[in-house]
Amino acid sequence: MTTVHEPATAMAELAVWPASATEPRPGDLAVGGVPLAAVADRFGTPVYVLDEAEVRDRCRTYRDAFPDAEIVYAAKAFLCRAMAHWTDEEGLGLDVCSAGELELAVTTGFPAERIVLHGNAKSPRDLDTALRLGVGRIVIDSPSEIARLAAAVGPDGHQKVMVRVVPGINAGGHEKIRTGTDDQKFGLSIADGYAQHAITRILDQPQLELTGLHCHLGSQITSVKPYLVAVRRLVGLMARLQEQHGLVLPELDLGGGHGIAYRPGEAALDLTALARKVRAELADACTTAGLPVPRLIIEPGRAIVGPAGIAVYRVLSVKHTAEHVFVAVDGGMSDNPRPALYGVRYMPRLIGRHSTADCARLTVVGRHCEAGDVLAADAELPADVRPGDLLAVPVAGAYHLSMASGYNLVGRPPVVAVRDGAARLLVRRESLEEIRSRDVGL
């Protein structure tokens with residue numbers, strides 16, 4: 001165990017927390033006016049806390065940064081009925097990847113015409129549900145989808161579509177979340193001509209209306225440059241389509257993948273710089289190509305919900321070894337697989353009591369039967385952390401519960417919204433009875 005005698009200042013520690021985060025008393029932490037320890041006492045642990053005002057503020061920040069663009073929330077980051085309702089009220093569209101996400105959103109009241117359906121392998125149910133509910137656009141990701149979708153629409157039907165193209169750009173925080181490169185499962189490559197060929201086939205289907213090009217470069221991108229390269233390459237393709245087919249596309253979707261900081265001091269994408277430079281690059285490229293400027297579509301997910309979420313765990317055991325101190329909590333990779341998948345690092349914080357002990361580098365681990373179930377390696381925490389303590393992990397809103405599993409049948413945690421001093425349950429804890437009821441094999 002390494003002792004750290006000078007912990008970060010309170011202001012620095014709260015840099016990655018929601019703007020509403022306060023420390024009313026030493027050792028206490030409140031978000032949205034609600035003490036996190038009180039949330040844990042009322043709803044149990046593990047529990048996920050979502051700051052509604054932070055979500056809404058981030059939606060508005062995107063709308064302000066891109067006033068002429070369509071902002072579409074990427075539901076894969078996290079979706080529940082309240083999240084769909086908040087983004088709808090804030091004027092955002094919605095990007096879904098399955099019939100399940102689509103049905104949940106529409107039955108919540110989200111307008112289907114403001115929904116975009118993605119997916120590299122859409123099932124017949126996905127497409128049938130999208131057409132039945134009247135989804136706004138379907139993003140074609142492979143040549144085989146063209147004929148299937150045209151047949152499902154029927155000769156007298158009509159569906160707006162986009163084509164996901166691969167611009168051949170290597171960007172993203174980890175190789176497993178880089179999706180703009182050639183020779184991977186997403187999209188159709190510009191370099192090898194597959195994108196152009198697919199577009200020609202779509203134009204032969206009168207019931208499919210091609211409205212624009214779509215790309216997604218990856219996730220956790222912290223530099224503006226890859227987006228500018230993507231703009232140039234996609235406008236170049238649009239210029240070739242005009243020359244070959246007389247086609248002028250009105251929309252250009254640059255996807256999302258905007259990087260956020262998980263710990264103080266980490267890099268994050270500068271949204272203001274992104275908006276300014278992308279608009280300038282798009283205008284310049286279109287002027288050079290003799291094209292009208294298409295309407296931009298931006299698809300943030302993590303950048304809207306990630307910093308608004310907090311995971312709260314209870315310490316179950318503390319184990320000392322020759323080189324490490326392992327602090328085991330009552331959650332882990334079943335509610336947050338990202339450390340095991342991508343090696344991401346978090347900055348958990350002791351809440352609910354004030355400690356005067358020096359900080360030490362401790363390893364926070366989960367309860368699951370995997371050596372890789374590590375939530376935070378070398379986390380700076382008080383050296384006297386003990387069973388029964390509460391640990392809160394900020395920036396937990398994205399790709400935690402959306403990728404949660406049933407590993408060890410521990411049940412998925414609840415989601416609690418906080419705002420203006422009140423807490424309310426959004427998603428209840430998965431019970432043993434619910435798990436048992438799905439098992440019908442006897």
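Because the structure is predicted, anything quoted here is derived from the model rather than measured. These values consider heavy atoms only, across backbone and side chains, with no hydrogens, waters or symmetry-generated copies.
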My understanding is that only residues two or more places apart in sequence, or in another chain, count here; which of them pass side-chain hydrogen bond (donor to acceptor under 3.5 Å, both in side chains) with R419? E52
By side-chain hydrogen bond (donor to acceptor under 3.5 Å, both in side chains), which residues pair with D284, not counting sequence neighbours? none
Least distance between heavy atoms, S334 atom then V410 atom: OG-CG2, 3.4 Å
Going by the side-chain hydrogen bond (donor to acceptor under 3.5 Å, both in side chains) test, which pairs reach into residues 57-74, not counting sequence neighbours? E54-R58, R60-E90, Y62-H258, E70-R137
Do you know which two heavy atoms are closest between C369 and N408, and how far apart they sit? N-OD1, 3.4 Å
Going by salt bridge (Lys or Arg N to Asp or Glu O under 4.0 Å), name the pairs with one or both residues in residues 389-409, residues two or more places apart or in two chains. R353-D389
Student check: side-chain heavy atoms of V139 and V161 closer than 4.5 Å: no
Applying salt bridge (Lys or Arg N to Asp or Glu O under 4.0 Å) as the test, list every pair that has at least one member in residues 95-104; sequence neighbours left out. K76-D95, E103-R132
All pairs passing ring pair (Phe, Tyr, Trp, His ring centres under 6.0 Å) where residues 83-108 contributes a residue, at least two apart: none
Side-chain donor-acceptor pairs of residues 35-46 under 3.5 Å, sequence neighbours excluded:
| residue | atom | partner | partner atom | Å |
| --- | --- | --- | --- | --- |
| R42 | NH1 | A423 | O | 3.2 |
| T45 | OG1 | D330 | OD2 | 2.6 |

If you define the side chain from C-beta out and look only at heavy atoms, does anything of P167 sit under 4.5 Å from P226? no
Summary of ring pair (Phe, Tyr, Trp, His ring centres under 6.0 Å) pairs that have at least one residue in residues 192-214, sequence neighbours excluded: H118-H214
Which residues pass the ring pair (Phe, Tyr, Trp, His ring centres under 6.0 Å) test with F110, sequence neighbours left out? none
Examine distances only and state if a side-chain atom of Q207 and a backbone atom of A150 form a donor-acceptor pair shorter than 3.5 Å. yes
Tell me the closest heavy-atom pair linking R302 and S219, and the distance in Å. NH2-CB, 3.3 Å
For residues 110-123, which residue pairs pass the salt bridge (Lys or Arg N to Asp or Glu O under 4.0 Å) check, not counting sequence neighbours? D88-R114, K122-E145
side-chain hydrogen bond (donor to acceptor under 3.5 Å, both in side chains) partners of E243, counting only residues at least two apart: none
Measuring only between side-chain heavy atoms, which start at C-beta, is L234 closer than 4.5 Å to C215? yes
No-hydrogen, no-angle side-chain donor-acceptor test under 3.5 Å, Y313 and N336: no
What residue pairs, at least two apart or across chains, pass salt bridge (Lys or Arg N to Asp or Glu O under 4.0 Å) with a residue in residues 227-242? R232-E281
Decide whether Y407 and D373 meet the rule of one side-chain donor and one side-chain acceptor closer than 3.5 Å. no
Would you say that V374 contacts P339 through its side chain, given a criterion of any heavy-atom pair below 4.5 Å between the two side chains? no
Would you mind reporting whether I71 and P300 have side-chain heavy atoms less than 4.5 Å apart? yes
Contact check, side chains of V344 and Y262, non-hydrogen atoms, under 4.5 Å: no
How close do Y48 and A396 get, counting heavy atoms only, and between which atoms? CE2-O, 3.5 Å
Give the C-alpha distance, both sets of side-chain angles, the deciding distance and a yes or no for side-chain contact (heavy atoms from CB on, under 4.5 Å) between Q205 and V153. CA-CA 10 Å; Q205 304 289 342; V153 171; over 6 Å; no
Shortest non-hydrogen separation from L210 to L249 and the atoms involved: O-CD2, 3.6 Å
Is the shortest side-chain heavy-atom distance between L375 and V393 below 4.5 Å? no
Over all atoms of both residues, closest heavy-atom pair of P387 and L316: CB-O, 3.7 Å
Treating D126 as the side-chain partner and S123 as the backbone partner, does any N or O pair qualify as donor plus acceptor under 3.5 Å? yes
